2 protein chains.
Amino acid sequence: MKSLKTPPIFCCPPLLGGRVTETEAASAAALFRVLGEPARLQLLSLIAAQPSGEVCACELVESLGLSQPTVSHHLKVMYEAGLLSKERRGTWIYYRIVQERLVSLRDLLA
Amino acid sequence: MKSLKTPPIFCCPPLLGGRVTETEAASAAALFRVLGEPARLQLLSLIAAQPSGEVCACELVESLGLSQPTVSHHLKVMYEAGLLSKERRGTWIYYRIVQERLVSLRDLLA
DNA sequence: AACTCATATCGATATATGTCAATATAAAAG
DNA sequence: CTTTTATATTGACATATATCGATATGAGTT
């Protein structure tokens, strides 16, 4: 089984200011592609809007007009990209935004 | 015909810190999706690496292992996303990075 | 005019992926 | 163990798009 903890944060060389290697471009593009989906951005903003900083997956399903499998899919994509962390508490799974990951993504564009 | 000048910079509401509308999510995602392509990131870094800040399209074709139509396609996508500006000088067309656009994109993740 | 070079567009194809219904798994309660 | 609820996975389908060869357009030259 896959861990419920946050995946490692592999960070990213600056995008501009020097030619980037093919590998660097590929991994950076993969990250951007994760954000290149309206549903995922809405999920991110929903999580960010919570005062507690975390949201149960069930709430996210109710909030968007998407099916449960689709929401689960998007959460998985963002989790595997290191953008979200998750924690199981009983039957529920709570998702959080991995701030450092967003910061490193921002630094890519510096 | 389309103008050779920089397209207008329509800017972007903060992504986190408040629920984002469906329209906002769509336009932001479109921008991220443009960067979600390794070839385009390599093109960006190639342009950024130039001391003059601009590159002739022909150089970009030679630098990457992609065909001329493919490079032309990627440049068009980035141009229409407001990430690049272009200027024709004689037979050649020179592309530049639109810094403000990248800055506003960074601000999306603040 | 014709020729050359640079760039853009067209058409076709292959791959990636968003979406859902159906099903599976996991956990708690009875 | 059975039931219920929450989440994940599977399989299928549709859409988007990256890529290329062929061709068109545009600018300069002779």
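These figures come from a predicted structure and were not determined experimentally. Reminder, nothing fancy here: chain letters follow the sequence lines and each chain counts from 1.
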Problem set entry | Phe32(B) CZ to Leu105(B) CG distance, which is reported to the nearest 0.5 Å | 4.5 Å
For this session: Find the distance between CD1 (Ile93(A)) and CG (Leu60(A)) and round it off to the nearest 0.5 Å.
Result: 11.5 Å
For this session: Check whether any side-chain N or O of Lys86(A) sits under 4.0 Å from OP1 or OP2 of dA8(D), and answer yes or no.
Result: yes
Exercise. Looking at Tyr94(A), does the NZ or CZ of Arg89(A) lie under 6.0 angstrom from its six-membered ring centre and within 45 degrees of the ring axis?
Worked result: yes
Problem set entry | Spacing of Tyr95(B) atom OH and Leu84(B) atom CG [to the nearest 0.5 Å] | 7.5 Å
For this session: Working to the nearest 0.5 Å, report the span between CZ of Arg96(B) and CD of Glu54(B).
Result: 4.5 Å
Exercise. Between atom CG of Leu109(A) and atom CZ of Arg101(B), what is the distance when rounded to the nearest 0.5 Å?
Worked result: 12.0 Å
Exercise. To the nearest 0.5 Å, how far apart are CG in Leu46(B) and CG in Leu16(A)?
Worked result: 11.0 Å
For this session: Find the bend of the helix from dA1(C)-dT30(D) to dG30(C)-dC1(D) as the angle between its two terminal axes (five pairs each), to the nearest 10°.
Result: 10°
Exercise. Given atom CH2 of Trp92(B) and atom C1' of dG26(D), what is their separation to the nearest angstrom?
Worked result: 13 Å
Problem set entry | Any Ser72(A) side-chain nitrogen or oxygen under 4.0 Å from OP1 or OP2 of dA8(D) | yes
Exercise. Nearest of dA27(D), dA6(C), dA6(D) to any side-chain atom of Arg88(B)?
Worked result: dA27(D)
For this session: For each nucleotide in nucleotides 10-20 of chain D, reading 5' to 3', give B when a protein heavy atom comes within less than 4.0 Å of its base, S when such contact involves only the sugar-phosphate, and - otherwise.
Result: -------SSBB
Seminar exercise, completed: Tyr95(B) OH to dA6(C) C1', in whole Å, measures 11 Å
Exercise. Which residues within residues 53-62 of chain B lie with some heavy atom under 4.0 Å of an atom in DNA chain D?
Worked result: none
